[in-house]
Amino acid sequence: MSVLSATVIVPTYNRADLLVATLESVARQDVPVELVVVDDGSSDDTAEVVERYARSMGARYVFQEDRGYRVAAARNEGVRRATGDVCVFVDSGVVLGSSAVRAHLRAHEGVTGPAAVIGYVYGLAQDEETTEQMWSETRLEDLDATMDRFGEQGRWLDMRESFYQRYDDDIAPLPAPWLVYWTCNVSVRTDQLCKVGMFDEAFTTWGGEDAELGYRLHQDGATFVLARDARAVHLPHPKKYAEREPAAMTNHHYMVAKHPDSSIMRLLIADPPIDSLEMNELVRTRSADDLDRLTGASRTSTGSEG
């Protein structure tokens with residue numbers, strides 16, 4: 001049994017149908033977990049869904065008024081109610097393998113000092129054209145076997161798979177491992193999370209609030225760890241990434257303004273855009289002057305950290 005305890009925090013908004021699957025996967029974990037669901041103002045039957053799990057496993061339900069996209073604030077509400085040593089963040093519509101939380105805790109125990117643990121997410125790159133196919137291959141009643149099959153067949157792999165393989169899964173030494181710290185399935189020590197100020201609630205549109213937190217965790221000394229056994233499936237549902245890009249770019253500009261000494265952060269607003277999965281390699285292989293040319297920056301700052 002792990003010496004650490006876990007609180008799973010699930011933010012949600014009008015996804016009661018998908019939330020059922022997420023909460024069921026949390027209920028099936030092979031270690032005890034505390035569950036906090038934070039509702040960002042849903043108008044569907046989300047509260048009734050959570051009530052079922054409140055009765056069966058003590059899930060806690062927190063509601064915040066619908067005042068637009070406030071997922072950062074929602075996660076912070078969950079953190080404030082967490083009693084676990086480790087906060088595990090899972091999005092509604094993501095279902096965990098039965099030993100995912102155990103794997104998160106094991107990864108934290110394997111690191112000296114604080115860790116930022118990234119779980120593996122099958123199906124993260126699926127789109128509307130592949131939704132029906134992925135549903136047909138996913139068995140929620142036997143999710144572990146489903147993920148075994150996906151892995152064996154090389155199907156629906158995490159969209160970061162080639163990135164992980166490039167570095168033999170050892171992402172800790174990279175200049176900016178925080179670029180892949182995506183809160184669909186990650187964890188962090190609760191005390192460090194509170195120390196660095198939790199999520200920045202100035203993010204009120206989609207994109208970047210998780211990586212920005214990852215940056216602050218990195219600056220505070222967290223070791224970034226990929227835990228492949230902390231695996232999950234991103235269930236197919238509409239993801240209109242093209243419509244979200246303007247909001248994401250606005251947030252990236254905010255991140256650069258907030259952390260002006262980070263040369264890597266400036267790559268987020270390069271024109272033409274740079275794939276975030278390629279940024280670490282650019283920093284590893286290009287000179288500081290080359291990076292400045294990519295971002296249009298002048299050498300007015302001596303900052304060059306991740």
Side-chain angles (χ1 to χ4, degrees), residues 88-91 94-111 115-127 129-130 133-134 137-138 143-188 207-208 210-211 213-215 217-218 222-236 239 241 248 263-265 267-268 270 272-286 290-291 294 305-306:
V88 180
F89 294 99
V90 180
D91 284 346
V94 172
V95 289
L96 297 173
S98 64
S99 60
V101 171
R102 180 192 295 273
H104 273 285
L105 296 178
R106 187 167 58 241
H108 283 276
E109 292 166 351
V111 172
V117 178
I118 302 171
Y120 196 86
V121 185
Y122 289 95
L124 195 53
Q126 62 82 26
D127 53 33
E129 294 181 0
T130 58
Q133 181 63 35
M134 186 174 175
E137 298 180 24
T138 302
L143 193 61
D144 290 341
T146 292
M147 290 187 290
D148 288 343
R149 188 173 65 256
F150 287 171
E152 291 165 1
Q153 297 176 352
R155 299 278 289 166
W156 312 110
L157 300 180
D158 192 313
M159 64 189 300
R160 297 164 289 188
E161 176 63 30
S162 60
F163 172 85
Y164 295 145
Q165 288 190 20
R166 174 184 285 171
Y167 305 109
D168 295 324
D169 290 358
D170 184 14
I171 63 174
L174 294 178
W178 49 269
L179 284 166
V180 292
Y181 192 73
W182 303 346
T183 38
C184 47
N185 177 18
V186 298
S187 63
V188 60
D210 44 9
L213 170 65
Y215 173 81
L217 294 173
H218 191 237
T223 298
F224 280 68
V225 179
L226 167 63
R228 285 183 177 269
D229 289 344
R231 57 185 187 166
V233 174
H234 179 281
L235 296 177
K239 288 280 189 181
Y241 291 109
S263 59
I264 298 177
M265 193 77 74
L267 293 174
L268 292 170
I274 300 171
D275 186 339
S276 64
L277 298 180
E278 297 299 323
M279 290 180 184
N280 275 281
E281 197 62 15
L282 280 175
V283 174
R284 281 160 45 94
T285 59
R286 304 285 282 272
D290 282 343
L291 295 178
L294 287 172
E305 85 292 346

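The chain is numbered in sequence order, starting from 1. Hydrogens, waters and symmetry mates are skipped; everything else that's a heavy atom, side chains included, is used.
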Under a plain distance cut-off of 3.5 Å, with no hydrogens placed, do H104 and N185 share a side-chain donor-acceptor pair? yes
Beyond-backbone contact of W156 with T138, side-chain heavy atoms, under 4.5 angstrom: no
Which pair of non-hydrogen atoms, one from A103 and one from A230, has the smallest distance, and what is that distance? CB-N, 3.4 Å
Qualifying residues under side-chain hydrogen bond (donor to acceptor under 3.5 Å, both in side chains), relative to Q133, sequence neighbours excluded: E137
Counting C-beta onward and ignoring hydrogens, is there a side-chain heavy-atom pair between V186 and V188 closer than 4.5 Å? no
Full working for side chain to side chain contact (heavy atoms under 4.5 Å, CB included) between V121 and W182: CA-CA 10 Å; V121 185; W182 303 346; over 6 Å; no
Let me confirm one number: the CZ-CG distance from F89 to L213, rounded to the nearest 0.5 Å. 7.5 Å
For the pair L179 and L268, evaluate side chain to side chain contact (heavy atoms under 4.5 Å, CB included) and give the outcome as yes or no after the intermediate values. CA-CA 10 Å; L179 284 166; L268 292 170; 4.0 Å; yes
Member of Y120, Y164, F150 meeting the side chain to side chain contact (heavy atoms under 4.5 Å, CB included) criterion with L157: Y120
Partner residues of E278 under the side-chain hydrogen bond (donor to acceptor under 3.5 Å, both in side chains) criterion, sequence neighbours left out: R166
Partners of D144 by salt bridge (Lys or Arg N to Asp or Glu O under 4.0 Å), sequence neighbours excluded? none
Please find the pair of heavy atoms, one from H234 and one from V94, that lie closest to each other, and give the distance. CD2-CG2, 4.1 Å
Side-chain H-bond candidate by donor/acceptor type, Y122 with E161, under 3.5 Å: no
Separation of M265 CE from M279 CE (nearest 0.5 Å): 10.5 Å
Taking every heavy atom of G119 against every heavy atom of D158, the minimum-distance pair comes out as O-OD2, 4.3 Å
Given F163, which of L226, D275, L174 fulfils the side chain to side chain contact (heavy atoms under 4.5 Å, CB included) condition? L174
With side chain to side chain contact (heavy atoms under 4.5 Å, CB included) as the criterion, how do V233 and M134 come out once you've worked through the C-alpha distance, each side chain's angles and the decisive distance to 0.1 Å? CA-CA 10 Å; V233 174; M134 186 174 175; 3.5 Å; yes
Residues forming a side chain to side chain contact (heavy atoms under 4.5 Å, CB included) with A107, sequence neighbours excluded: V117, V225, A227
Ignoring hydrogens, what is the shortest heavy-atom contact between L143 and G97? Give both atom names and the distance. CD2-N, 4.2 Å
Not counting sequence neighbours, which residues clear side chain to side chain contact (heavy atoms under 4.5 Å, CB included) with Q153? List them please. R149, R155
Are W178 and I264 packed together at the side-chain level, in the sense that at least one heavy-atom pair is separated by less than 4.5 angstrom? yes
If the condition is side-chain hydrogen bond (donor to acceptor under 3.5 Å, both in side chains), which residues does D148 pass it with, not counting sequence neighbours? R231
Between I118 and R160, is there a side-chain heavy-atom distance shorter than 4.5 Å? yes
Closest non-hydrogen atom pair, A176 against N280: N-OD1, 2.7 Å
L267 vs V283 side-chain heavy atoms within contact, under 4.5 Å: yes
Minimum heavy-atom separation for A115 to A222, with atom names? C-CB, 4.3 Å
